[in-house]
Amino acid sequence: MNWEEDEEKLLPSQRPEWSDVSPLPQDDGPNPVVPIAYKPEFAETMDYFRAVYRADERSPRALQLTHQAILLNPGNYTVWHFRRLILETLSKDLQQELDYVSKIAEKNSKNYQIWHHRRWLAEKLGPDAAGRELKFTEKILSGDAKNYHAWSHRQWVLQSLGGWDDELEYCHQLLEEDIFNNSAWNQRYFIITKSPLLGGLQAMRESEVKYTVAAILANPENESPWRYLRGLYKDDPKSWIHDPQVSTLCLKVLTSSGTNHVFALSTVLDLLSHGLQPSRELREAVDTLNPNSSSTKDSLGNTICSVLEHADAMRVNYWRWRKSQLIV
Amino acid sequence: MEGEGAATERQRRATASQVDQWAVQDHVFKIYGAFASIPRSAQSVILELQRDKHVEYLTRGLQQLGPSFVVLDANRPWLCYWILHSIALLGESVDDELEDNAIDFLSRCQMPHLATTYAAVNSLVTLGGNKALSSINRWMHDAGEIDVRACYTAISVASILNILDDELAKGVGNYILSCQTYEGGIAGEPGSEAHGGYTFCGLAAMILINQANRLDLASLIDWVAFRQGVECGFQGRTNKLVDGCYSFWQGGVFALLQRLPAFGGEGFGTSDVEVEWVSDSTSEGDDEDRDSSDDNEALHPEQDQEGHQSSSHSPESSTAVHIQHSRHNQLEPLFHTMALQQYIVLCSQEQEGGFRDKPGKARDYYHTCYCLSGLSVCQYSRSKNENSPPLPTSVLGPYSNLLEPIHPLYNVVSRQYHDAQDFFSKY
């Protein structure tokens, strides 16, 4: 793409090479609703686009026109779709097209069409594109560490094109920067379950539990590692309730003062519902938190729900419902 | 395990997530604090839904949009739906001329994209009447962007037009199932992060194809319940910021769950038989007698010295909730409906018309649509069925704030949904 051309900003009607084309105006009917007051530049560019689209003209000038249209509105999926058809017909260099998309993406990192276009290009380029795509998403994530599209794209690249080698380390770096980044935790889960270089969830569980427990103890109010910990035992509740690290962790958090106890309590409740036999220390720790001493004859689950109704008042209805679901 | 020194060091160094979160919390709590400190008469005024202003803002959008809307040019059917649905929720209708123009525009619209088809169909259903409903042509659907939204929009459209069949449902259930994450919520694609928008779409689609029980509903409920934060509104993902639009995406999940037979609901039969609910255990005796002024008590969680949310507080919220101990406990919504209404009305509502993501952000039609939809969900969260009007205690602010009820599967106003069902059942 010749970027200098854009400096001229001559509209199609002002260019001799477009003189053979009759622009096609937008047909919204006589009195359209939600009418947008298009600027003349936009209206004219789209009128010419409609003409080449209708004629299915897949030429260099049509390609340039899609570029103009994209600059004016990167959200028009029809334009992107047609651009792809032209790229194929003209057998254009797709690495160059990636350069192009990268530039457009700078200011539009949350635009579905751009990411879709990128995915299409990377798929066509194959495994060789993996490195570049990982670098690109890393760049986007350095500015917006939770960008949903970027993460989605990154996962697609890993699964379709490869490049897993440094992914766990990358995840760790992001968590070092921000232990509350749930997207990074989610990515970590993705890696340990899907990476062909690692042994799978069960094989990774031991080390991951240690990692997660450390994260929780550093910030017990951080929901992400608590859910991640639970996820490590997905589909295996027996291991979940029998792992001493889990109940030890809960006990530790519950006996710390000035700490958020909500997730620890919720975890114990979850463990109980899967058959955990609570230790005396655990029971005592929960009882200490219960302002209502008359309910010491209640089941531990009941007591936990009562505590949470006060300690996590936003979810009072939820905890009452949980209590009603307890098998006494 | 890292030493205590390193741990406390990290705690002192606030992360980006924490900084962003505390900034929003501060802003929101200032609003709640200011609200709590003004006299009750002034509070009543601020809690009012600015109906006239909203309708004005919405109607203007239907008539004319500025050049900056060019970024939504491909999505004008969406603009149409957001605006028309918002107007319908407010119990208003557009004048005949605008209505004809809308129908005309929507039938001319090229809609190769599945999502815009959904928006167009819902717009026409919202407008209602023979002209709008006749103009809907039936489309066959082929694969577009493969993600959970595509599943929902395709199935929703097919269902509302009465052409949902096994062919369409085949494979979708497996796909959505694979999108439920370890957190409990549903993602846009397998492996991605659990997200409010996709959780709503995924659950709604599963319900439409009668496979909701294949999901791990317990973990889904747990995830979505924890998306309501101290700001009283909902966040879209764990450790992200509150946003008014999730009032519907997340709040709506509860509306869907409540109607599932597994939770004591009456289900979603396409032949919506009106169930005559005999007033059994839900009125006399079991209701807590409360001063209705408690409802307007601002939910103002305590903050510790560093301005962070203290975990051990007990805000007035627990007294502001109207607990209805029905026999099967089926009507009690699992989230804090009054808190959510508080966020919508005090933080998202703009006095000049329209709604926004959060204080400091600009209003837009998308947020107007989903804040109002979420508000409706809250108001009707304790209603047994669409025909029984909510108790005043379910509505934050004056009872005149009451909106029209929606059908949570499609997010169109109930009455219009039933009219469309009647219309298409004849085909």
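In the text below, chain A, chain B and the rest are named by the order of the sequence lines, each starting its count at 1.
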Please check if any side-chain donor atom of [X] sits under 3.5 Å from a side-chain acceptor atom of [Y], or the reverse.
X         : Y         : answer
Ser183(A) : Lys240(B) : no
Asn222(A) : Asn239(B) : yes
Glu97(B)  : Asn31(A)  : no

Separation between [atom1] of [X] and [atom2] of [Y], rounded to the nearest 0.5 Å:
X         : Y         : atom1 : atom2 : value
Asn186(A) : His195(B) : CG    : NE2   : 12.0 Å
Leu334(B) : Trp319(A) : CG    : CH2   : 11.5 Å
Ser192(B) : Arg154(A) : OG    : CZ    : 13.5 Å
Met338(B) : Asn317(A) : CE    : CG    : 11.5 Å

What part of [X] is in contact with chain A, defined as an atom under 4.5 angstrom from a non-hydrogen atom: side chain, backbone, both or neither?
X         : result
Tyr365(B) : neither
Arg76(B)  : both
Asp222(B) : both
Glu193(B) : both

Considering residues at least two apart in sequence or located in another chain, which fulfil the ring pair (Phe, Tyr, Trp, His ring centres under 6.0 Å) criterion with His153(A)? Trp115(A), Trp156(A)

Give me the atom names and distance for the closest heavy-atom approach of [X] to [Y].
X         : Y         : answer
His336(B) : Ala313(A) : CD2-O, 4.0 Å
Thr15(B)  : Asp178(A) : OG1-OD1, 2.8 Å
Asp104(B) : Pro30(A)  : OD2-CD, 3.6 Å
Ala339(B) : Met314(A) : CB-SD, 3.7 Å
Pro32(A)  : Phe105(B) : CB-CD1, 4.3 Å
Ala225(B) : Arg315(A) : O-NH1, 2.8 Å

Ion pair Glu223(A)/Arg227(B), N-O distance below 4.0 Å: yes

Checked Thr181(B), Asp216(B), Ile221(B), Leu98(B) vs chain A; the most non-hydrogen pairs under 4.5 Å come from Ile221(B)

Could you check whether any side-chain heavy atom of Trp223(B) comes within less than 4.5 Å of a side-chain heavy atom of Arg227(A), counting everything from C-beta outward? yes

Just give me the residue among [options] that pairs up with chain B most often, heavy atom to heavy atom, under 4.5 Å.
options                                    : answer
Lys146(A), Met46(A), Lys39(A)              : Lys146(A)
Arg119(A), Arg230(A), Lys234(A), His81(A)  : Arg119(A)
Asp28(A), Asn181(A), Val79(A)              : Asp28(A)
Asn182(A), Asp270(A), Leu289(A), Leu232(A) : Asn182(A)

Hey, mind stepping through Asn219(A) and Gln18(B) against side-chain contact (heavy atoms from CB on, under 4.5 Å) and telling me if it holds? CA-CA 11 Å; Asn219(A) 293 94; Gln18(B) 288 176 305; 4.2 Å; yes

Ring centres under 6.0 Å, that's the criterion: do Tyr148(A) and Tyr198(B) meet it? yes

Could you check, using the six-membered ring where one of them is a Trp, whether Phe254(B) and Tyr318(A) have ring centers closer than 6.0 angstrom?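 For Phe254(B) and Tyr318(A), the ring centres are not under 6.0 Å apart.
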
Heavy-atom distance under 4.5 Å to chain B: side chain of [X], backbone, both or neither?
X         : value
Gln325(A) : neither
Asn111(A) : neither
Phe263(A) : side chain

Which is it for Trp185(A) and Glu183(B) under the side-chain contact (heavy atoms from CB on, under 4.5 Å) test, yes or no, and what are the steps along the way? CA-CA 10 Å; Trp185(A) 282 104; Glu183(B) 288 195 81; over 6 Å; no

Report the C-alpha separation of Phe226(B) and Asp312(A) in whole Å, then their side-chain angles, then the decisive distance to 0.1 Å, and conclude whether the side-chain contact (heavy atoms from CB on, under 4.5 Å) test is met. CA-CA 10 Å; Phe226(B) 271 90; Asp312(A) 190 26; 3.9 Å; yes

What is the ring orientation for Phe263(B) with Trp321(A), classed by angle as parallel under 30°, tilted 30 to 60°, or perpendicular over 60°?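 Rings of Phe263(B) and Trp321(A): tilted, as their planes differ by 30° to 60°.
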
For Thr238(B) and Trp226(A), run side-chain contact (heavy atoms from CB on, under 4.5 Å): C-alpha distance rounded to whole Å, both residues' side-chain angles, the deciding distance at 0.1 Å, then the answer. CA-CA 11 Å; Thr238(B) 305; Trp226(A) 285 102; over 6 Å; no

